[in-house]
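Here the structure is laid out as structure tokens; the discussion comes afterwards.
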2 protein chains.
Amino acid sequence: MYTVNDIMNTQFKKGVLELCVLVLLDRKDCYGYEMVEEISRNIFISEGTIYPLLKRLKTESLVISYLKESQDGPPRKYYQITELGKEKKEKLVAEWNEFAMGVNNLLYNINNADMEGNGDE
Amino acid sequence: MYTVNDIMNTQFKKGVLELCVLVLLDRKDCYGYEMVEEISRNIFISEGTIYPLLKRLKTESLVISYLKESQDGPPRKYYQITELGKEKKEKLVAEWNEFAMGVNNLLYNINNADMEGNGDE
DNA sequence: CAAGGTACCATATATTGCAAGGTACCATTT
DNA sequence: AAATGGTACCTTGCAATATATGGTACCTTG
């Protein structure tokens with residue numbers, strides 16, 4: 001079921017799954033189980049993680065949900081991203097990019113101390 | 001003092017700071033306060049974060065420490081990476097790269113469902 | 001009707017970053 | 001000499017979140 005090795009550092013994921021879910025939902029409506037499968041293609045995720053997350057997103061009005069019958073099992077609860085959710089997504093994407101760049105700078109020893117000549121305190 | 005905006009998602013950092021510290025120490029011995037300054041050039045980090053982290057790394061024998069006098073203030077506690085620490089660093093770097101790639105795949109909609117034709121369950 | 005896949009959910013736990021607060025050294029200023 | 005501010009260390013309590021675990025229920029197939 002899970003295609004990515006599960007030894008991946010759990011801590012790395014903190015905060016990123018919210019981003020991943022919002023990105024997926026910005027493409028199309030999805031139900032929880034489906035998102036676990038999608039995300040699992042790239043990073044390991046447990047089923048027990050997605051449902052509390054979706055609940056939180058709904059509480060924060062970043063998504064809404066509706067039920068839909070299924071032939072393969074019980075009814076599916078589809079989630080749809082809201083305008084607020086889209087804004088949040090954009091923000092998270094920007095933060096992620098900045099963050100990932102910062103980490104890579106540190107890993108590759110790119111010292112940008114000189115690049116910020118303006119004392120911005 | 002802190003050059004990176006502090007609105008960056010706190011959760012993103014989980015687990016990454018350990019990686020950053022080990023990478024810095026793999027280049028040269030550092031003391032805590034110094035590492036906060038170095039890391040802060042790229043991602044925000046609070047002083048209250050580094051000392052418990054260093055303590056943990058020491059407990060896990062990933063680093064050792066020694067004191068050294070300073071003209072600028074109280075004695076500095078320098079940290080030095082161990083062989084075990086270097087192994088851990090390599091592992092974390094690899095995990096980080098895999099993870100960051102996975103997230104980017106999701107963000108850029110690179111569907112690698114076809115790339116793993118072997119049903120490996 | 002039993003088994004297994006699909007699909008949902010809740011609870012308890014562990015990890016870890018941060019804020020807040022504290023101690024102490026040193027140089028400069030008043 | 002006293003006050004100030006920067007350097008440098010540390011601890012405690014809190015908040016956020018991924019996971020394990022366990023549960024319910026639908027549907028198909030043997």
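These numbers were taken from a predicted model, which means no experiment stands behind them. Just so it is clear, the values below take in all heavy atoms, side chains as well, and ignore hydrogens, waters and symmetry mates. So that the names make sense, note that chain A is the first sequence line, chain B the second, and so on, each numbered from 1.
Looking at every heavy atom in both residues, B/Leu24 comes nearest to B/Glu38 through CD1-CB, 3.8 Å. In terms of heavy-atom proximity, A/Val93 sits nearest to A/Val23 at CG2-CG2, 4.3 Å.
For C/dT6, the paired base is D/dA25 (Watson-Crick or G-U wobble, both distances below 3.5 Å). Across the strands present, C/dA12 finds its partner in D/dT19; the criterion is a Watson-Crick or G-U wobble pair with both atom distances under 3.5 angstrom. Pairing for C/dC1 is with D/dG30, a Watson-Crick or G-U wobble pair whose two hydrogen-bonding atom distances lie under 3.5 Å.
Using a 4.0 Å cut-off, no side-chain N or O of B/Tyr31 falls inside it from OP1 or OP2 of D/dC9. Phosphate proximity of D/dA18 to A/Ser46: absent, as no side-chain N or O sits under 4.0 Å from OP1 or OP2. In this structure, B/Thr49 reaches the C/dC18 phosphate: one of its side-chain N or O atoms is under 4.0 Å from OP1 or OP2. Residue B/Lys55 places none of its side-chain N or O atoms closer than 4.0 Å to OP1 or OP2 of D/dC9.
Ring orientation note: the planes of A/Tyr78 and A/Tyr31 are nearly perpendicular, at an angle over 60° on the 30°/60° scale.
Here the C1' atom of nucleotide D/dT19 and the CD atom of A/Gln11 are 11 Å apart, to the nearest Å. With rounding to whole Å, A/Tyr51 atom OH is found 17 Å from D/dT24 atom P. Taking atom CG of residue B/Leu17 and atom P of nucleotide C/dT15, one finds them 17 Å apart after rounding to whole Å. Per the geometry, OH belonging to B/Tyr33 stands 14 Å off C1' belonging to C/dA24, to the nearest Å. Across the protein-nucleic acid pair, B/Tyr79 atom OH and D/dC9 atom P stand 7 Å apart, rounded to whole Å. In this entry the distance linking CZ of B/Arg56 with P of D/dT11 reads 15 Å, nearest Å. In this structure, the CG atom of B/Leu54 is 14 Å from the P atom of C/dC18, given to the nearest Å. Rounded to whole angstrom, the span from the CG atom of A/Leu57 across to the P atom of C/dC9 amounts to 13 Å.
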Intermediate values then yes/no, side-chain contact (heavy atoms from CB on, under 4.5 Å), B/Cys20 and B/Ile43: CA-CA 10 Å; B/Cys20 293; B/Ile43 57 180; 4.3 Å; yes

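A 4.5 Å side-chain heavy-atom check between B/Leu54 and B/Lys77 finds every atom pair outside the cut-off. The shortest side-chain heavy-atom distance between B/Leu22 and B/Val63 falls under the 4.5 Å cut-off. Under the 4.5 Å side-chain criterion, counting only non-hydrogen atoms from C-beta, A/Gln11 is in contact with A/Lys14. At a threshold of 4.5 Å between non-hydrogen side-chain atoms, the residues A/Phe99 and B/Asn9 do not count as touching.
A/Leu53 comes within 4.0 angstrom of no nucleic acid atom, judged by non-hydrogen atoms across all strands. Looking at heavy-atom distances under 4.0 Å, B/Gly48 makes contact with a base.
You'll find that the side chain of B/Lys14 is closest to C/dT16, out of C/dT16, D/dT11, D/dC10.
Side-chain to base pairing of B/Glu47 with C/dC18: no donor and acceptor N or O lie closer than 3.5 Å to each other.
Panel note: side chain B/Lys89, backbone B/Leu25; no donor-acceptor pair is recorded below 3.5 Å.
One finds the CZ atom of A/Arg76 at 15.5 Å from the OG atom of A/Ser65 (value rounded to the nearest 0.5 Å).
Of the residues in residues 58-66 of chain B, not one places a heavy atom less than 4.0 Å from an atom of DNA chain C. Contacts between residues 67-78 of chain B and DNA chain D, defined by a heavy-atom separation under 4.0 Å, are made by B/Ser70, B/Asp72, B/Pro74, B/Arg76, B/Lys77.
Summary of the strand contacts: A/Ile50 and B/Glu34 both lie near DNA chain D, and taking for each the nucleotide with the nearest heavy atom, the more 5' one is attributed to B/Glu34.
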